[in-house]
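See structure below.
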2 protein chains.
Amino acid sequence: MLQRIDLLSKLEAQGIRLTAQRRALVETIQQTAGHLDVASLLEKARKRDSKIDRATVYRTIELLKKLELIDELDLMHLNGEKHYYEVRTQKDHLHLTCFRCGSVVEFTSSTFERLKREIAKENLFNIQVIRLEAGGLCQHCAEKNEGKN
Amino acid sequence: MLQRIDLLSKLEAQGIRLTAQRRALVETIQQTAGHLDVASLLEKARKRDSKIDRATVYRTIELLKKLELIDELDLMHLNGEKHYYEVRTQKDHLHLTCFRCGSVVEFTSSTFERLKREIAKENLFNIQVIRLEAGGLCQHCAEKNEGKN
DNA sequence: GTATTTGCAAAAGCTTTGCTGCAAC
DNA sequence: GTTGCAGCAAAGCTTTTGCAAATAC
């Protein structure tokens, strides 16, 4: 499993104090393994504090994105235009979304790391966020996919 | 410059007949160098046929996406949640968006091609669409960026 | 007491859809 | 005369915003 950063300690290291609601949101994000959309995050966080509002969720996500502690994904817009969020990992990784079954596979690769170094060096570009997503058919669905799209 | 496919001949090769409006839209997309959002595409296409409706634009884009003739981009949501479209190129490429000046640099790399082969082989994943976007600071803006975010 | 956050509701932005009439083959 | 497309308007989904009340320091 990919090593995810610890949000609370990073926030503390930056001297950022959290309100109770934001702490509940951060803890919910930290403790969720997969890819969270706003509606799911709100629902889960409300189990800790039923008063949390959608606007607070968006505002907290904005903060965490700005601090580069979470990443925003589209997952190929498989389920509409909403975004998904995940805790940053030590190594960047890419997401493979199956258009048929909706499964998402994560994948780290030294080639990806090399590509990032090339981007920085050849384009003299200072990467803050990088997002590599692919859509297609996972192995299982490709096998079932004889003749039919 | 990256070699873009020819939409009309690909469509013809697939036996797809276009209405006059769809042809106008396809030609507009083909002739536009950069990254088109729906509003810009509509505006440009209306110079050919002022009756074109937004719904027709969306329906035509949907068709071209399904046929894998155009790609959809987010460009790091620099200007809201809208999508951008571009004609498929012979080689996939990645997009570097500068958060400060909004410039978009495209970049092909044999390392990216290698990465795609690894994805297919190591994950047994059949890639239909791949999208690699990065956000950060371009060289010019990074240099101006002493001390300020 | 000042600054920041919350709650609520409304608005905004972009995309999709229903349906009627129209055009193509 | 079936089938698919266009036109229009409304609805849909997600995200953002304005502002008054509440909270934190």
Under a 4.5 Å cut-off applied to non-hydrogen side-chain atoms, are B/Arg4 and B/Glu86 in contact? no
Per-pair distances, 0.1 Å, donor-acceptor, side chain in residues 24-31 of chain A, under 3.5 Å, sequence neighbours excluded:
| residue | atom | partner | partner atom | Å |
| --- | --- | --- | --- | --- |
| A/Glu27 | OE1 | A/Arg48 | NH1 | 3.0 |
| A/Thr28 | OG1 | A/Ala24 | O | 2.7 |
| A/Thr28 | OG1 | A/Arg48 | NE | 3.3 |
| A/Gln30 | OE1 | A/Leu7 | N | 2.7 |
| A/Gln30 | NE2 | A/Ile5 | O | 3.0 |
| A/Gln31 | OE1 | A/Arg48 | NH2 | 2.6 |

Check whether any side-chain N or O of A/Glu133 sits under 3.5 Å from a backbone N or O of A/Leu75 as a donor-acceptor pair, and report yes or no. yes
Tell me which donor-acceptor pairs under 3.5 Å the side chains of residues 8-22 of chain A have, and how far apart each pair is, sequence neighbours excluded?
| residue | atom | partner | partner atom | Å |
| --- | --- | --- | --- | --- |
| A/Ser9 | OG | A/Asp6 | O | 3.2 |
| A/Ser9 | OG | A/Asp6 | OD2 | 2.8 |
| A/Thr19 | OG1 | A/Arg22 | N | 3.3 |

Within this structure, what is the CG-to-P distance between B/Leu18 and C/dA24, rounded to whole angstrom? 14 Å
Please confirm whether the backbone N or O of B/Lys91 pairs with a side-chain atom of B/Thr89, one donor and one acceptor, at under 3.5 Å? yes
Do A/Leu96 and B/Phe112 sit in one hydrophobic cluster, given that two such residues count as connected whenever their side-chain heavy atoms are within less than 4.5 Å of each other, even indirectly? yes
In dot-bracket form, 5' to 3', how is DNA chain D paired? Count Watson-Crick and G-U wobble pairs only if both distances fall under 3.5 Å, and write | where the partner sits on another strand. |||||||||||||||||||||||||
Can you sort out the partners of A/His95 under ring-ring contact (aromatic ring centres under 6.0 Å, His included), two or more places apart, ordered by chain and number? A/His35, A/His93
Please name all residues satisfying side-chain contact (heavy atoms from CB on, under 4.5 Å) with A/Gln3, sequence neighbours left out, ordered by chain then number. A/Gln90
Starting at the 5' end of nucleotides 4-17 of chain D, put B wherever the base has a protein heavy atom under 4.0 Å, S where only the sugar-phosphate does, and a dash everywhere else. -SBBB-----SBBB
Nearest-Å distance, CD1 (B/Ile16) to C1' (C/dA24)? 17 Å
